[in-house]
Every structure is written in C-alpha cells, then in structure tokens.
Amino acid sequence: MLQLFFSALFALTACAPDPPPTPTPVAPPSTAVQLTTARAHFEATRFDKAAESARAGLALDSTAVDLHNILASTYAAQGRYALAIKGLETAIRLQPDYAMGFVNLGGVYTKLGQYEKAATYLQRAAQLNSDSSPVRRRLGELYLATARYDEATRELLEALRLFPDDATLYYYLGQSLQGEGRSDDAIEAFQRAALLDIGFADVFYRLGLLARKEEQNEVARPALERFNHLRGIGGGDPQVPKQVKRMRAAILNAPEGAAHHYNLGLLFVEHGYFVEAQNKFDRAIALRPGDLELLKQLGRDLLELKQPEAALRYLQMALDLNPGDLSALFSAGQITGRLGRYEQAIAHFRQAIVHHPDDPQSWYFLGLGLSSSSKQAEAEKALHRSLALSGTDDKLRNKTQRLLAALQENPQ
C-alpha cells in the first residue's frame, strides 16, 4: 500500500512541471527575434501569427527583406497572391540580388498560371544561385506545368543532386518521366518517393495507376491498397484529410523545412498512423541533424499526445547527443517513473546529479524515485541534500519537506 502511495505521488509530482515564474518586463523583441518568431509560426502553419510577427519586425525595420519574404509567404499560403507579389517585389527592389525573392515570385506566378512571368523570375533566381535545390525544383515545377517534360526532368535531377533522397523531388521526377513516356523510369521514381515517405498518399495513387496501366499488377495492387489506407485517416471526418492536404502542400512547397515534416508527423500520431508518423519525425531529424531542442520538443509533444514510449525514444536520442542535458534527463526520468519503471527513473536522476551535482531539483527527483522504489534511507539522504542546496527556492523546499514528512510518517 505504501509503495502505491509513493507511486501515485511520483506520477502527480514528476509529471506536472512547476508553472513558470511570473515574467519580468522585457524590452520589445528586436527585428531578428521577430523574424525568428515569424518563421516558427509560418512553419507551424499559424499564418495569421506569422504575419503579425513579420509586420511587427517591419515596423522596426522596413528594409528587412527576409521579413518581407515571410509576410509575402503567409499571404501566398492563404491564397492572397496580389499581396504576396507586392511584398516580394518590395524585397527584390530593396535587395536586387535576393534570390529567394525571385524564387518565390516564380512560384506564385506558376500557381497563377502566368508562366512567362514565372520563367522570368526563376531564370533570374538561377542566375543568382544556380546551386540551389529550391531554384531547380521551382523550374522543374514550371516545366511540368507547361508540359516541357524533358526540361523538367533535367531540372529535377539537378535538384536531386543538390538535395538527395527527397520524396518530393522524386514525386515530381516521376511525373516528368511519365510525361516523357518513360513509364518504367517513372515507376521507379515513384517507388523511390514511396520508400522515402510512406505517408505520401498521392505518390501511391500515381504509382498504382501507372503500374496498372503498364500491367505491373504486383506493383499496382499494394500501392493502391496503401493509398486507400492513407486516405482513410480521420475515420470519416472530412476535416482531417483536409488538414493532411494542407500540411502536404507545405512540404511540397518547401521540402527542405523540417518543421513541415514534424507537423505532419504529429497529425499522424493524433490519428493512430504511428509508422507514418515515425517516418516523418525521422525526416525532420535528418534535416536538422544534431538539433537537441528539436528532439526534446518531440519528446514533450509525444508525451502530450499520450505516447510515452515514443517520447522516450527521442529523449534518448537527445541524451545520446548530450548526456548531461538536464531537461532531457528530467523528462526521461519523469516518464519512466510515471510508467512505474523506477530503476530507470532513478538512473536518469543519478545521471543528472553526475553532471549537475549542485542542482537541488535533481536531488529532489532522485529522492522521489528512491522513495517510489522503497529505498527510504537513500531517499531521505537525497532529499536532505536537496534542502541543503535549495536556498531561497521556497516552492522546492516546501515540496521536499512534504515528501520527507510522508516518508517519516510511513516508514518503509
């Protein structure tokens, strides 16, 4: 019974982080901070917030071309193409060698079907930065839209040379090869895209139809079965496929952006498509190798989605990068404690103390884990050490004292 008491205490205490302290007044964010914030909102498809941050940054510096580009991109994502064009024209007027402005203008005009204007801007982008996969991809999309398939194939192969193993590029390449009448090569390109991105429904659809046309039923059948599985997401809720379509459009527009893959992965988790989710998370991580914060955020998001085992997987990846990262150790310890795996939790908290011997919260969590494992003497020692180090942190002192009192009132 006593162990059950401490198990419940561990779950309540360890998995509910302390609320943040009341913030102190700070200076208004700088232009650079507004740009970072706007990008984060844009990648998360929070377009109104992205636009708000971009405008706030431009109020500080109206010549910041990256902010004009972000604001224009939010307009384009919302279908407000006239405003997008105006913003991008301002950007390239301010900085005539701003290649991304020309790329995005080309993309907007391609969407509008104004292909001559699109070609003018994209060719200028290629002059400014010929070794850019986005430039080559946009040119490939333009040539696809105008049925110039051999030129599309050339640009997409160049884009793949610059940005290898990308499902979006293989998807477009499959279309250009199919347009050229090279069906076997197109099937192979679609298969490569399907292997790289197992949640890409349109790839499986195109692969299935083309393979069936070419009487390759051993390829067509599983591809179409996979397509039907993917389009069933949401269990009949029409809004979910629309969300998937919107997130897929973001990936098609910028496959280099890790956040787009990450966001689609979270949506897959919400609807029980766990294998597809892992595929998207792994792509996001590959695009941002060594990004400790991405791994820790993924752990937090998966825990919020009630996927503790998956959260632990990515937290362990974070700890492989930095074995002494305190927040990752705490999160991993708290999750394993919540799962009742107290020895693992204790190991994480001991590791925290190895790297941060004077951190009182590490000692508190170690004491909590030890108490849940019926190791009262060690738990009390750890808690006393937490008290000795906690200084003026009244909140930590109070909960440490309460835990000590509970141990002493109910000796194990």
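Remember, predicted model here, so these are calculated numbers, not experimental data.
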Do the numbers put Lys399 on top of the ring of Tyr364, so that NZ or CZ is under 6.0 Å from the six-membered ring centre and no more than 45° off the axis?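 Verdict for Tyr364: a cation-pi partner in Lys399.
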Can any side-chain N or O of [X] pair as donor or acceptor with the backbone N or O of [Y] at less than 3.5 Å?
X	Y	value
Thr36	Ala32	yes
Tyr342	Ser371	no
Tyr273	Ile233	yes
His68	Ser62	yes
Thr336	Gly333	yes
His356	Gly324	yes
Asp197	Ala193	no
Asn228	Leu224	yes
Ser373	Leu370	no
Thr120	Glu116	yes

Quick one: [atom1] on [X] to [atom2] on [Y], what's the gap to the nearest 0.5 Å?
X	Y	atom1	atom2	answer
Gln361	Ile353	CD	CD1	11.5 Å
Ser176	Asp150	OG	CG	9.5 Å
Leu35	Ser53	CG	OG	10.0 Å
Arg283	His260	CZ	NE2	12.5 Å
Leu71	Asp66	CG	CG	12.5 Å
Glu276	Ile198	CD	CD1	5.0 Å

Establish, yes or no, whether a centroid distance under 6.0 Å links the rings of [X] and [Y].
X	Y	answer
Tyr109	Tyr121	yes
Phe281	His261	no
Phe200	Tyr171	yes
Phe365	Phe330	yes

Is the shortest side-chain N to carboxylate O distance from [X] to [Y] below 4.0 Å?
X	Y	result
Asp202	Arg248	no
Arg136	Asp131	no
Glu180	Arg148	no
Glu141	Arg138	yes
Glu52	Lys49	no
Glu309	Arg341	yes
Arg137	Glu158	no

Taking all non-hydrogen atoms of both residues into account, name the closest pair between Thr74 and Ala50 and its distance.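 Closest pair (atom of Thr74, atom of Ala50, distance): CG2-CB, 3.6 Å.
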So among Thr168, Asp166, Asn263, which one has a side-chain contact (heavy atoms from CB on, under 4.5 Å) with Ile251?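 So the option named by the test is Thr168.
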Could you walk me through whether His229 and Glu225 pass side chain to side chain donor-acceptor pair (under 3.5 Å), step by step? CA-CA 6 Å; His229 166 71; Glu225 287 173 355; over 6 Å; no
Ser327 versus Asp325, side-chain donor and acceptor atoms under 3.5 Å: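 Indeed, the side chains of Asp325 and Ser327 share at least one donor-acceptor pair under 3.5 Å.
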Is His384 close to Trp363 at the side-chain level, that is, under 4.5 Å between some pair of heavy atoms?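 Of all side-chain heavy-atom pairs linking His384 with Trp363, none is under 4.5 Å.
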Quickly, which of Phe190, Tyr205, Phe204 forms a ring-ring contact (aromatic ring centres under 6.0 Å, His included) with Phe227? Name it, please.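 Passing option: Tyr205.
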